Amino acid sequence: MTTNNNTTYKLSKSLHGHSKDVRSVCVLSDGRIVTGSRDHSIRVWDPLNSYSNIELHGHSHFVGTVVSLPPSLLLAERALASGGNDKVICVWEKSAFPRDSSNNNNNNNNNNNNNNNNNNNNNNNNNNNNNNNSGKKSNEGGAPSLMLLGHNDSVSTLGVTNDGLIISGSWDKTIKVWENGECLATLSGHEASIWSVIGLQNGNIVSASADKTIKIWEQNGKGHYSVIKTLRKHKDCVRGLAVIPDLGFASCSNDGTVFIWTIDGELVQELSGHSSFVYAVINIPNFGFASVGEDRTLRIWRDGENVQTLTHPSGVWDLAYSPNGDIVTGCADGVGYVWTRNEKRFATQEEVQQYQDNLAAQTIMSDNVGDIKMNELQDVNEALVVDGTKDGELKVVKNGKVAEAHQWSASEGKWIKIGEVVDANAASRNSSKGVLNGREYDYIFDVDVGDGVMYKIGYDLTENPYTVAQDFILKNDLGQEFLDQVAQFIIKNSGQDTMTFEATPNQGDPLTGSSRYIPGSANNNNNNNNSSPSDSFTVPSRYIPGGSNNNNNNNNNNNNNNNNNNNNNNNNRDFNIKPTSLIPQATYTLFEQANSESLLVKALEFNQQLSSNPDTKSVSLDEDEQEISLLKGILATLKETSRYHSSSFSDNQYKVIFKMLTWPADKVYTILDVIRVMVLHPGASKTFESMVIENRASSRYNLIVILFKLVQESTIMNNQMLTLKIFANMFRHEPLRTLLTQRLFSNPQILESIKSIYQKLTPNSNKSYSTALSTFLLNISVYSQYNQINTEIVNKYVECMSLVITTETDPDLIMRCVCGLGTILMTYKEYRPSSSICTAIKNSISKVTFSDKFTDSVNLLSKLL
């Protein structure tokens with residue numbers, strides 16, 4: 001069976017380079033491909049230059065959305081905008097990712113000619129998946145020309161109006177329209193996170209939300225929009241939208257459907273075929289539509305039919321249409337894939353085979369393909385003799401003792417193995433070797449580093465124990481001093497005592513998280529030695545960093561740009577001091593890693609002890625009331641971080657939380673660790689806020705009252721440490737951030753109590769507590785740039801920071817404090833600590849050996865003092 005290649009997409013290129021999920025893709029007008037990733041980076045790939053790529057860094061968290069932009073009055077060369085979980089929108093000009101001069105010919109003339117060269121290089125560029133085998137090695141790009149600040153939560157989607165204005169949507173439930181760097185309008189009306197926004201040809205805006213609705217907004221004069229229609233046909237979160245010229249738009253949803261609408265919001269077609277969430281949809285001009293989703297597929301639709309199904313190695317987050325007719329997909333395996341109908345751009349047979357081998361190696365849970373009974377399956381040699389009836393048809397067969405899933409490829413005229421099917425229930429129970437977070441390991445170890453919490457760590461014999469240990473301590477916010485201890489534990493318990501391992505694996509930035517990048521870091525040194533970034537917090541909606549054409553104007557205004565407009569000429573400090581990559585800190589640092597399995601084990605153990613004691617039985621979880629099941633449900637929800645936008649907790653689950661908060665002091669830390677993660681959930685943050693407001697006169701369901709009592713009165717350091725981590729995480733969402741800071745800044749005695757507790761510790765004796773304290777203080781400094789803090793609180797803050805800096809000896813921990821204190825002093829330039837504090841801090845940091853990448857920030861703090 002054969003099909004016409006003009007209507008059939010085939011693999012053209014695999015774009016390897018990102019280290020985590022490719023969450024977003026777009027194609028620029030010049031044909032270059034843009035991918036945004038959970039690894040915090042953006043890459044711009046050039047099909048005309050063997051898919052060489054330029055790496056861009058402007059975000060300090062996941063890059064969840066990218067969009068191609070037309071030029072504007074302010075930025076004539078603007079080409080791209082990106083949005084991330086750091087709440088920031090970056091606008092990029094072409095100068096940030098210049099094209100190789102040898103390839104600056106007309107894009108349309110060269111697109112096809114380039115493919116012959118591309119194929120000649122395939123053998124060199126695609127043999128090793130672990131290398132950057134998509135073309136030439138990536139180069140570091142420039143800085144964003146504009147940063148748009150205004151959203152209170154993750155920027156989840158970006159679009160463009162018909163007249164070139166940027167549209168943004170956020171988990172904060174709002175849509176914003178931006179003109180030349182300023183927020184022109186804020187659109188409110190959705191009841192949950194915004195997942196997609198587009199601009200229609202008639203000037204209207206369309207938005208899709210986790211509240212299961214689509215809204216059409218009509219412009220009523222500049223900066224004024226109103227809802228003219230709300231569409232409620234989808235049965236679950238609406239994830240993606242796409243403009244269909246001369247008709248209207250398309251939408252896709254977690255309900256597995258794709259809907260086609262007229263420009264007025266009339267439903268004209270429903271496309272069904274996906275077996276799970278559909279994340280994105282695009283229009284293919286003069287052909288049909290394409291959609292991608294959690295079921296690992298790219299599906300091509302024509303005349304209402306699913307005419308082609310292209311399975312990926314993992315779930316597919318996004319897709320984009322190229323001017324040359326190709327489709328680009330972004331996959332959860334960290335790879336971008338290019339698909340083409342032009343035979344001149346087809347991948348080599350070797351590349352195709354490598355891709356199919358990767359597909360075949362995947363594991364598919366049985367609940368994704370239906371009930372599987374091995375004794376009823378056909379043998380592979382018999383079942384695959386018969387051709388499939390349509391493209392994408394799925395068949396599960398028996399190959400020896402293994403069940404395999406095969407998919408019919410009409411274009412290839414054959415069955416392609418897409419993975420091995422395993423019993424979903426058996427997989428979850430499997431413990432012969434060990435399964436952790438869905439991956440099988442040679443060993444699963446329980447690790448206790450002395451802070452009262454058991455951690456789990458997976459290890460394969462092929463791995464370097466020191467590399468595994470390094471990843472483990474970074475993920476769990478543990479101190480660097482645990483590296484050798486954890487590595488030696490792995491070596492001993494895996495029976496490798498007689499072997500020698502390299503003990504210096506590549507380490508991430510212990511201050512900010514594994515590979516987090518702050519805009520303006522050392523990677524840009526070659527370009528920015530003579531530029532000074534302007535103050536990103538002086539104008540609520542926009543920031544023009546170093547590298548912008550407006551640099552000179554911004555630098556001239558530095559003295560006047562601080563939010564605190566007191567006169568700055570009364571001190572001896574130099575107020576033209578240039579910021580560094582770490583000072584001021586622009587984003588909150590959080591403790592995000594969850595230890596669900598070990599927490600549950602410990603909670604159940606404590607609960608058994610409580611229930612067996614008549615004096616404490618009343619506070620134990622009652623299985624007859626399903627309270628243990630409710631706790632398990634909380635932990636299961638918290639593990640699914642990608643579903644936070646749509647998941648929630650029941651009233652009874654909140655009751656379990658507050659019941660466990662009444663446990664004895666030596667056991668309450670288990671629920672404190674659950675709350676540490678729970679406050680990062682946007683819905684939980686809002687609910688906790690409501691409960692505080694409703695229970696201001698009572699502490700029963702008032703989380704703020706309970707926690708502040710703990711942090712001021714508890715004598716158990718684990719409880720103190722976890723409470724401070726909860727406080728640090730409360731800065732993530734506005735509801736709890738507001739309640740926390742109102743209580744904290746209305747009573748200076750709270751910081752004094754925290755300082756007093758720290759003073760009682762033996763110096764350097766509790767790294768976990770010190771890390772929690774310094775991170776909490778660091779987040780206060782970030783908050784202070786957006787909100788005025790009174791002088792008395794600033795005094796208490798500086799005293800706490802000074803105490804930690806002059807007590808601790810660990811360079812990385814001290815560096816957090818250096819960044820926090822430096823941020824405060826940069827923000828409140830009229831404030832000056834006492835001479836004794838300044839001297840003590842300078843003396844302490846002069847005795848510490850810092851990494852070279854921190855030197856400029858340490859020197860900056862010395863100047864500020």
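Sequence positions, counted from 1, serve as the residue numbers for this chain. Computed from a predicted model, the values in this text were never measured in an experiment. Side chains are part of it too, since the values below use all heavy atoms of this structure and drop only hydrogens, waters and symmetry mates.
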Asker: If we only count heavy atoms from C-beta on, is the His59 to Cys90 side-chain gap below 4.5 Å?
Answerer: yes

Asker: Look at the side chain of Thr65 and the backbone N and O of Gly83, then say whether any donor-acceptor pair between them is shorter than 3.5 Å.
Answerer: no

Asker: Should the pair Arg99-Asp46 be classified as a salt bridge under the 4.0 Å nitrogen-to-oxygen rule?
Answerer: yes

Asker: Between CZ of Phe62 and CZ of Arg38, what distance do you get to the nearest 0.5 Å?
Answerer: 3.5 Å

Asker: Do side-chain atoms of Ser781 reach the backbone of Thr823 as a donor and acceptor pair under 3.5 angstrom?
Answerer: no

Asker: Side chains of Asp357 and Gln353: any donor to acceptor distance under 3.5 Å?
Answerer: yes

Asker: Assess Arg239 against Tyr279: is NZ or CZ under 6.0 Å from the centre of the six-membered ring, and within 45 degrees of the ring's axis?
Answerer: no

Asker: Looking only at the aromatic ring of each residue, does the gap between the centers of His40 and His61 stay below 6.0 angstrom?
Answerer: yes

Asker: For the atom pair CG (Leu241) and OG (Ser207), what is the distance rounded to the nearest 0.5 Å?
Answerer: 7.5 Å

Asker: Does the separation of the ring centres of Tyr355 and Trp339 fall below 6.0 angstrom?
Answerer: yes

Asker: Distance only, no hydrogens: is a donor on one side chain within 3.5 Å (strictly under) of an acceptor on the other, for Lys176 and Thr186?
Answerer: yes

Asker: I'd like to know if the side chain of Gln308 reaches the main chain of Tyr9, judged simply by a donor and an acceptor atom lying under 3.5 Å from each other, with no hydrogens or angles considered.
Answerer: yes

Asker: What distance do Thr589 atom OG1 and Leu778 atom CG have between them, rounded to the nearest 0.5 Å?
Answerer: 4.5 Å

Asker: If the threshold is 4.0 Å, N to carboxylate O, is there a salt bridge linking Glu93 and Arg78?
Answerer: no

Asker: Can you see whether Phe287 has Arg341 sitting over its ring - NZ or CZ less than 6.0 Å from the centre and within 45° of the normal?
Answerer: yes

Asker: Main chain of Gly325, side chain of Ser322: is a donor-acceptor contact present, judged purely on distance under 3.5 Å?
Answerer: no

Asker: Taking the side chain as every heavy atom from C-beta outward, state whether Val335 and Val22 have any pair of such atoms under 4.5 Å apart.
Answerer: no

Asker: Does a donor on one side chain sit under 3.5 Å from an acceptor on the other, for Ser52 and Trp45?
Answerer: no

Asker: Which is it for Ser168 and Trp178 under the side-chain contact (heavy atoms from CB on, under 4.5 Å) test, yes or no, and what are the steps along the way?
Answerer: CA-CA 8 Å; Ser168 62; Trp178 307 83; 2.9 Å; yes

Asker: Main chain of His18, side chain of Asp39: is a donor-acceptor contact present, judged purely on distance under 3.5 Å?
Answerer: no

Asker: When rounded to the nearest 0.5 angstrom, what is the spacing between CG in Leu11 and CD in Gln356?
Answerer: 9.0 Å

Asker: Looking at side-chain heavy atoms only, is the closest gap between Val258 and Phe289 below 4.5 Å?
Answerer: no

Asker: Taking Ser37 for its side chain and Ser41 for its backbone only, find out whether a donor-acceptor pair lies under 3.5 Å.
Answerer: no

Asker: Find out whether Trp217 and Val206 are in side-chain contact, i.e. whether some heavy atom of one side chain is under 4.5 Å from a heavy atom of the other.
Answerer: no

Asker: With side-chain contact (heavy atoms from CB on, under 4.5 Å) as the criterion, how do Ile205 and Ile198 come out once you've worked through the C-alpha distance, each side chain's angles and the decisive distance to 0.1 Å?
Answerer: CA-CA 6 Å; Ile205 290 173; Ile198 55 172; over 6 Å; no

Asker: Answer yes or no: is there a side-chain heavy-atom contact under 4.5 Å between Ile54 and Pro98?
Answerer: yes

Asker: Examine the side chains of Asp326 and Thr340 and answer whether a donor and an acceptor come within less than 3.5 Å of each other.
Answerer: yes

Asker: Quick check against the 3.5 Å criterion: does Asn53 have a side-chain atom that pairs as donor or acceptor with the backbone of Gly17?
Answerer: no

Asker: Within the 4.5 Å heavy-atom criterion, are Phe249 and Leu200 side-chain neighbours or not?
Answerer: yes

Asker: Any non-hydrogen side-chain atom of Val88 less than 4.5 Å from a side-chain atom of Met147?
Answerer: yes

Asker: If only atom types and distance count, is the side chain of Ser170 paired as donor or acceptor with the main-chain N or O of Asp172 below 3.5 Å?
Answerer: yes

Asker: Quick one: do Asp318 and Thr329 satisfy side-chain contact (heavy atoms from CB on, under 4.5 Å)? Show the steps, please.
Answerer: CA-CA 6 Å; Asp318 199 11; Thr329 54; over 6 Å; no

Asker: Do the non-hydrogen side-chain atoms of His151 and Thr174 ever get within less than 4.5 Å of each other?
Answerer: yes

Asker: Mind listing the closest non-hydrogen atom pair of Ala250 and Ile244 along with its distance?
Answerer: N-CD1, 3.8 Å

Asker: Sequence neighbours left out, what passes salt bridge (charged side-chain N to carboxylate O under 4.0 Å, His left out) with Asp86? Give chain and number order.
Answerer: none

Asker: Using 0.5 Å steps for rounding, measure from the SG atom of Cys26 to the CG atom of Leu69.
Answerer: 8.5 Å

Asker: Given side-chain contact (heavy atoms from CB on, under 4.5 Å), test Ser82 with Ile89 step by step and report yes or no.
Answerer: CA-CA 6 Å; Ser82 58; Ile89 301 166; over 6 Å; no

Asker: Could you list all the salt bridge (Lys or Arg N to Asp or Glu O under 4.0 Å) pairs where at least one residue sits in residues 145-156, not counting sequence neighbours?
Answerer: Asp153-Arg732

Asker: Considering residues, nucleotides and ligands other than Asp852, do more than 12 of their heavy atoms fall under 6.0 Å from its CG?
Answerer: no

Asker: Quick one: do Arg32 and Asp30 make a salt bridge, cutoff under 4.0 Å?
Answerer: yes

Asker: On a heavy-atom basis, which atom in Ser209 and which in Ser193 lie closest, and how many Å separate them?
Answerer: OG-O, 2.9 Å

Asker: Does a donor on one side chain and an acceptor on the other come within less than 3.5 Å for Thr297 and His312?
Answerer: no

Asker: For a quick check under 3.5 Å, do Thr157 and Trp195 share a side-chain donor-acceptor pair by atom type?
Answerer: no

